[in-house]
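The structure appears right after this line, and notes come after that.
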Amino acid sequence: MNKEYYHRCFNLIKKMKENSVAIMYSSPSLDINLEDVCLYKQDSNLFYFTGYLNNFLLFIVTKDSNSSSKVVFFTKNKDKDLYYNFHKFNFFNNFINVFFYDWEKIEFYLPYFILNKNCIYYSYSNYLNNDLLFFKSCYDISNLYKNSYFPEKIINLNILTNSIRMIKSKLEIKILRKSAYISSLAHLRAMKYCKIGIYEYNLENEILHEFYSHKCVFSAFKSIVASGKNGRQLHYSDNNFLLEDNDMVLVDSGCNYQGYTSDITRTYPVNKKFNIYQKKVYNLVLEVFCECLSLLRPGSSFGIINDKVIRMISIGLINLKIISVNLSVNDFIKQKLYKNFYMHNIGHWIGIDVHDVYYKYSNKNDIIFEPNMVITIEPGLYIPDTCENLFIFEPYKGINVRIEDTILITNNGYENLTSSVYKNIYDIENYMNE
């Protein structure tokens, strides 16, 4: 395992500018009250480069002008695995030097790693206290060390880590396959348990039961179990409605296994039998999903696939007479009326986080797929009760469908990691009624 972190750090150093430093804090623990704490979730970048799962770690990587580099750890308690991975085994014939310091010495030693560098790569956290601690140190350094210069630039570390984390290693793919397998079992369990008269949270409990039975303490995200009209709310999480006859239920969930996530969505009828209108909407989404898979290969992109999805959904809405509109398909798309029925993008990268990289620093649709990227594909169709300037036929109102799988991009195409969860109407009905 230690070689995995060697290569990750080495790839980071290759992307860093000469005479620069990268700084990452561990996530703090969150107190519920005076004695209890929430389940701890490590900062994703720090976990990626170190595998460290505990609080109180400052991780520093320097790239010096003389082409030598340092890896520095400030910890409260010297972690045996961390010490083993980074100290006992030297990086590439001592190309990278490793240092360990006590957490309490940060204020004293941090200036030596920041001063006279050309730039700082800093991993902005979701926790204000970490950022305040970092910027206070910067302020103190700039005032105390008058004969040295402070880096002119502070660059978000995600700009470097996005491209590194997008390409998964053999070990990461192995773990992701296991995560996908566990999530698949959970979805099949929920599908089998589904029936009239239970609550959405009962299905969620079945999913969590399967996660925990495979030692997955974390979910990738709060499970979405949305029956009936709740399915139109993309991030619905109340999960407290009664499952009623003639409704469909949209279940979007995934586990976190050894730090890596998966993501699956399935939609099926509460009474275990699709009616004719549910079938039409569902089969349209399934047709779109299958077309998406046919476009998955190195050289393709989310942008290319999403354009195809928008056209197929627009044609389907009109041809199936789900809506009545006095416009051509091209004008329907040009006016973006499809957004009333398809409100999200076609997918996202997945890995340590369920949305694995921070899109703010790149246009997701323009990034070209490469082998060993792991993504989701998730077309959906959500029929509202009313829509301005469009007539919606009554039997279709309130039908909401999404189908999502976790996909590995391969050298020649793709591998669907979650294909074992039934998608075909015939298979779903048979499985639910066995």
Side-chain angles (χ1 to χ4, degrees), residues 191 194 196 200 203 224-239 241-252 264-292 305-347 376-404 423-425 428-429 432:
M191 190 182 293
C194 181
I196 300 168
E200 293 166 339
L203 289 188
I224 297 168
V225 183
S227 62
K229 295 179 180 180
N230 295 333
R232 182 169 171 80
Q233 186 177 334
L234 295 183
H235 296 103
Y236 174 81
S237 60
D238 291 346
N239 297 351
F241 272 66
L242 187 71
L243 271 60
E244 298 181 349
D245 193 12
N246 296 319
D247 275 345
M248 298 182 75
V249 59
L250 185 156
V251 181
D252 186 347
I264 306 171
T265 305
R266 291 294 184 269
T267 312
Y268 36 88
V270 172
N271 64 11
K272 309 178 190 294
K273 184 74 174 178
F274 290 85
N275 67 38
I276 186 171
Y277 304 104
Q278 292 169 346
K279 281 184 178 180
K280 287 183 178 181
V281 175
Y282 187 92
N283 279 330
L284 173 57
V285 176
L286 183 60
E287 181 185 358
V288 172
F289 180 88
C290 293
E291 181 64 22
C292 291
I305 297 172
N306 204 50
D307 289 343
K308 181 73 172 181
V309 169
I310 289 168
R311 177 159 290 276
M312 289 185 70
I313 283 177
S314 299
I315 292 171
L317 284 166
I318 296 170
N319 287 352
L320 292 176
K321 296 184 178 179
I322 296 171
I323 61 171
S324 178
V325 58
N326 294 318
L327 291 171
S328 67
V329 171
N330 287 339
D331 287 338
F332 185 84
I333 294 171
K334 187 176 181 180
Q335 294 182 29
K336 298 185 177 180
L337 294 175
Y338 62 85
K339 286 194 171 183
N340 294 292
F341 308 91
Y342 170 61
M343 303 87 73
H344 54 83
N345 210 310
I346 193 56
T376 67
I377 290 295
E378 50 176 315
L381 192 53
Y382 314 89
I383 315 299
D385 287 342
T386 60
C387 185
E388 188 176 355
N389 300 324
L390 293 174
F391 176 79
I392 301 173
F393 287 92
E394 187 69 29
Y396 293 103
K397 292 180 179 180
I399 297 177
N400 305 290
V401 176
R402 184 164 67 249
I403 302 172
E404 178 183 25
K423 288 188 288 288
N424 180 278
I425 283 179
I428 290 173
E429 290 182 342
M432 294 184 75

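Throughout, numbering of the chain's residues begins at 1 and tracks the sequence.
- Between the side chains of Asp238 and Gln233, not a single donor N or O lies within less than 3.5 Å of an accepting N or O.
- Looking only at distances, no side-chain donor or acceptor of Glu404 sits under 3.5 Å from a matching main-chain atom of Asp252.
- To the nearest 0.5 angstrom, Ile428 atom CD1 is 8.0 Å from Met432 atom CE.
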Q: Start with the C-alpha gap between Leu250 and Thr265, add the side-chain angles, then the distance that decides, and say whether side-chain contact (heavy atoms from CB on, under 4.5 Å) holds.
A: CA-CA 7 Å; Leu250 185 156; Thr265 305; 3.7 Å; yes

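- Residues satisfying the side chain to side chain contact (heavy atoms under 4.5 Å, CB included) criterion with Asn271, sequence neighbours excluded, are Ile196, Asp245, Asn246, Pro269, Lys273.
- Considering every non-hydrogen atom in both Tyr236 and Asn230, the closest pair reads OH-ND2, 3.3 Å.
- Annotation for Ile392 and Cys387: closest pair CD1-CB, 3.8 Å, computed over non-hydrogen atoms.
- Heavy-atom minimum distance, Cys292 versus Ile377: CB-CG2, 3.7 Å.
- In Lys229, the NZ atom is not crowded: 12 or fewer heavy atoms of neighbouring residues, nucleotides or ligands sit closer than 6.0 Å.
- Rounding to the nearest 0.5 Å places NZ of Lys280 at 10.5 Å from CG of Asn275.
- With contacts defined as side-chain heavy-atom distances shorter than 4.5 Å, the pair Leu337/Ile323 does not qualify.
- Ring geometry, His344 versus Tyr342: the interplanar angle exceeds 60°, so the pair is classed perpendicular (tilted spans 30 to 60°).
- Within a 6.0 Å radius of CZ in Phe241, no more than 12 heavy atoms belonging to other residues, nucleotides or ligands are found.
- Looking only at distances, a side-chain donor or acceptor of Asn239 sits under 3.5 Å from a matching main-chain atom of Val225.
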**From CA spacing to verdict: side-chain contact (heavy atoms from CB on, under 4.5 Å), Ile403, Tyr282** = CA-CA 9 Å; Ile403 302 172; Tyr282 187 92; 3.8 Å; yes

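- In terms of heavy atoms, Pro379 sits closest to Val288 at CB-CG1, 3.7 Å.
- When side chains are defined from C-beta on, Tyr396 does not count as touching Leu317, because their heavy atoms never get closer than 4.5 Å.
- Other residues, nucleotides and ligands contribute more than 12 heavy atoms inside 6.0 Å of the NZ atom of Lys397.
- From Ile313, atom CD1 reaches atom NZ of Lys308 across 12.5 Å, with rounding to the nearest 0.5 Å.
- We find the CD1-OG distance between Ile333 and Ser328 to be 8.5 Å, quoted to the nearest 0.5 Å.
- Looking at residues two or more places apart in sequence or on another chain, you find no side chain to side chain contact (heavy atoms under 4.5 Å, CB included) involving Asn326.
- Separation of atoms CE (Met191) and CZ (Arg266) is listed at 6.5 Å; rounding is to 0.5 Å.
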* Give the C-alpha distance, both sets of side-chain angles, the deciding distance and a yes or no for side-chain contact (heavy atoms from CB on, under 4.5 Å) between Ile383 and Phe341. => CA-CA 6 Å; Ile383 315 299; Phe341 308 91; 4.1 Å; yes

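- Using a 4.5 Å cut-off on side-chain heavy atoms (C-beta onward), Tyr268 and Val251 make contact.
- Taken to the nearest 0.5 Å, the CD1 atom of Ile399 stands 12.5 Å off from the NZ atom of Lys279.
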Practice prompt. Please test Glu244 against Ser227 for side-chain contact (heavy atoms from CB on, under 4.5 Å), starting from the C-alpha separation and ending with a verdict.
Written response: CA-CA 8 Å; Glu244 298 181 349; Ser227 62; over 6 Å; no

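- Checking Tyr338 against Arg311 by side-chain atom types alone, no donor-acceptor pair falls below 3.5 Å.
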